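Just below is one structure, and these are the notes that go with it.
Source: prediction; values computed, not measured.
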Amino acid sequence: MSTLFAFILAIGILISFHEFGHFWVARKTGVKVLRFSVGFGRVIWSYRSKTTATEYVLSAIPLGGYVKMVDERESDVAAEDLPFAFNRQPLWKRSAIVAAGPIANLLLAVALFWGVLMLGESGLKPVVGDIAPETLAAQAGFSAGQTIQAVDGQNTRLWSEAMELIFASVMEGRVVAVNVDSGGTLQTLTLAVPDHLRDQPEQLYQSLGLKPWLPELKPVIGQLIPGEAAQQAGLNTGDLIVAANAQNIHSWNAWVALIRAHPGKPLQVVYERQGVRQQTTLTPAAVHNDQQQLEGRIGAGVQVPEDLLQSMQITVSSTPLEALSKALQRTVFYSSATLNMLGQMLIGQASVKNLSGPISIAQFAGISAEQGLNAFLSFLAKVSISLGILNLLPIPILDGGHLAFYAIEALRGKPVPEAWQLYLQQIGIFMLLGLMLLATYLDIGRLLN
């Protein structure tokens with residue numbers, strides 16, 4: 001229910017803000033607005049302005065909103081309202097009104113990023129952990145203990161921020177320039193990723209080999225997944241793993257390595273609970289990893305001491321002016337990344353598997369909401385950028401499609417015939433429905449996997 005609420009809240013805010021952009025510019029350019037609705041369906045609350053006659057409506061289904069303007073193409077218009085009809089406005093006014101929705105989404109992203117940066121972001125320090133040999137990070141010269149300072153010229157103060165920038169650049173097919181501090185020595189390392197890995201995000205993560213620095217943790221059970229091997233074997237949170245198959249276990253990493261190496265094979269485990277040593281037989285489940293190789297899994301996580309976790313984290317905030325500059329940079333960066341990704345999918349250089357549909361968006365909304373206000377605001381900003389860029393695409397029925405019609409009108413000196421507009425808009429509807437079905441299909445596949 002919390003995920004559903006977060007999803008509805010996110011979609012409601014983003015689409016309503018988009019529609020507000022159309023509404024505000026329409027009002028400012030002299031077009032009469034009959035209704036501005038937040039939500040669809042049955043009207044819950046309404047108010048009609050005495051000065052403008054605009055009806056403001058709150059409707060029952062909070063998944064967006066709409067703006068209804070005076071327009072002869074949609075209904076009969078009273079003679080006194082004809083000068084204020086949308087279809088009678090000069091080309092520049094109509095273009096401004098249509099473009100205002102996507103622009104509002106991009107401005108909202110700037111405002112959200114600005115707020116996040118001023119409130120302060122918390123996360124792991126951008127310090128590189130152990131680098132496995134033969135990974136792309138090892139080939140680029142990364143080593144444990146390095147601090148990532150910038151990615152493609154953008155300063156990074158958190159591990160999550162650094163990884164987001166690296167992945168965004170990699171998915172665009174660019175060679176990524178990463179500035180690192182190696183014990184006082186500044187270096188610029190370059191990451192080049194083979195094209196085939198960009199279609200497989202999970203395998204890409206493994207192949208990159210970049211993980212945050214973590215101290216060696218004791219093999220203490222912190223979390224258990226109900227019904228999986230660890231719980232079935234009688235292990236509880238707080239149990240200290242001492243040995244397995246007569247092999248002493250000194251760290252959590254050693255315990256994980258042993259589990260992964262024994263899929264479906266019983267282990268004689270010695271553990272300590274409240275100072276008393278006990279034994280159990282534990283059989284890891286056999287599962288396939290990203291490389292389709294069998295490995296063991298027991299459904300248990302490590303216990304991380306709270307003071308240790310706090311020492312690894314950092315909270316960074318910016319002054320209002322600095323935050324505004326960074327918010328603009330982030331919005332431009334993610335807008336460019338979104339456009340490049342769409343372009344690469346269109347020409348076949350990137351897989352459509354990178355598409356996310358409503359199920360994925362709902363999951364991310366729920367996860368970000370659980371992580372706190374800043375995470376949710378950052379999520380809203382990124383989806384707002386995607387919504388703005390998507391609506392600017394020259395697909396009939398979208399804002400970008402209308403702008404394309406207006407561009408043709410500017411060249412021809414007269415509007416595109418309404419019959420042609422209607423025909424192309426029907427094609428646009430089928431294109432969008434197909435895209436939505438594909439994205440939902442991919443979402444379901446991810447969910448099942």
Has Lys211 got more than 12 heavy atoms of other residues, nucleotides or ligands less than 6.0 Å from its NZ?
no
For a 4.5 angstrom cut-off between non-hydrogen side-chain atoms, does Leu282 reach Pro266?
no
Kindly indicate whether the side chain of Val180, heavy atoms from C-beta on, has any atom under 4.5 Å from the side chain of Thr147.
no
Using every non-hydrogen atom in the two residues, find where Phe113 and Ile385 come nearest and quote the distance to one decimal.
CE1-CD1, 3.9 Å
Determine the interplanar angle of the Phe23 and Phe20 rings, folded into 0 to 90°, and report it as parallel if under 30°, tilted if 30 to 60°, perpendicular if over 60°.
tilted
Specify the closest pair of heavy atoms between Ala192 and Val175, including all atoms of both residues, with the distance to one decimal.
CB-CG2, 4.3 Å
Please answer whether the main-chain N or O of Leu186 pairs with a side-chain N or O of Asp181 as donor and acceptor at a distance below 3.5 Å.
no
Please walk me through it: do Leu124 and Leu158 pass side chain to side chain contact (heavy atoms under 4.5 Å, CB included)?
CA-CA 6 Å; Leu124 293 175; Leu158 299 172; over 6 Å; no
Just one of Leu191, Leu136, Thr135, Val178 clears the side-chain contact (heavy atoms from CB on, under 4.5 Å) bar with Leu210, so which one?
Leu191
Among residues at least two apart in sequence or on other chains, which ones pass salt bridge (charged side-chain N to carboxylate O under 4.0 Å, His left out) with Arg297?
Glu228
Answer whether the closest heavy-atom distance between the side chains of Asp239 and Glu272 falls below 4.5 Å.
no
So do Val127 and Gln146 actually touch side chain to side chain, heavy atoms under 4.5 Å?
no
Just by modelled atom types, is the Ile148 backbone N or O under 3.5 Å from a matching donor or acceptor in the Thr156 side chain?
yes
Kindly say whether Phe333 contributes a backbone atom to a donor-acceptor pair with the side chain of Ser336 at under 3.5 angstrom?
no
Shortest non-hydrogen contact between Ala229 and Ala285, atoms and distance
CB-N, 4.5 Å
Is the CH2 atom of Trp114 crowded by more than 12 outside heavy atoms at less than 6.0 Å?
no
To the nearest 0.5 Å, what is the distance between CG on Asn105 and CG on Leu392?
9.0 Å
If you apply the rule side-chain hydrogen bond (donor to acceptor under 3.5 Å, both in side chains), what do you find for Gln303 with Thr237, and how did you get there?
CA-CA 8 Å; Gln303 183 181 87; Thr237 56; over 6 Å; no
So does Leu433 have more than 12 non-hydrogen atoms from other groups sitting under 6.0 Å from CG?
yes
Min side-chain heavy-atom separation Leu235-Gln231 under 4.5 Å:
no
Report the distance from atom OG of Ser368 to atom CG of Asn374, rounding to the nearest 0.5 Å.
11.0 Å
Listed partners of Leu267 passing side-chain contact (heavy atoms from CB on, under 4.5 Å), at least two apart:
Asn245, Ile259, His262, Val269, Pro284
Look at Arg157 together with Glu161 and state whether they make a salt bridge at an N to O cut-off of under 4.0 Å.
no
Minimum heavy-atom separation for Gly120 and Ser317, please, with both atom names.
CA-CB, 3.7 Å
Run the numbers on Gln313 and Ser122 for side-chain hydrogen bond (donor to acceptor under 3.5 Å, both in side chains), then give the verdict.
CA-CA 7 Å; Gln313 289 188 320; Ser122 297; over 6 Å; no
Heavy-atom pair with the smallest gap, counting every atom of Ala138 and Pro133:
CB-CA, 4.3 Å
Counting only heavy atoms not in Phe376, do more than 12 fall under 6.0 Å of its CZ?
yes
Taking the six-membered ring of Tyr406 as reference, does the NZ or CZ atom of Arg94 fall below 6.0 Å from its centre and within a 45° cone about the axis?
yes
Contact summary for Asn391 and Pro102, nearest pair of heavy atoms
CB-CG, 3.9 Å
Taking the side chain as every heavy atom from C-beta outward, state whether Leu14 and Val383 have any pair of such atoms under 4.5 Å apart.
yes
Inspect the contact between Glu164 and Arg330 and indicate whether a charged nitrogen and a carboxylate oxygen are less than 4.0 angstrom apart.
no
For atom CZ of Arg273, decide whether the heavy atoms of other residues, nucleotides or ligands shown that lie under 6.0 angstrom number more than 12.
yes
side-chain hydrogen bond (donor to acceptor under 3.5 Å, both in side chains) between Arg35 and Tyr66, intermediate numbers included
CA-CA 8 Å; Arg35 172 180 280 192; Tyr66 63 92; 2.9 Å; yes
Does the side chain of Ile408 come within less than 4.5 Å of Trp420's, by heavy atoms?
no
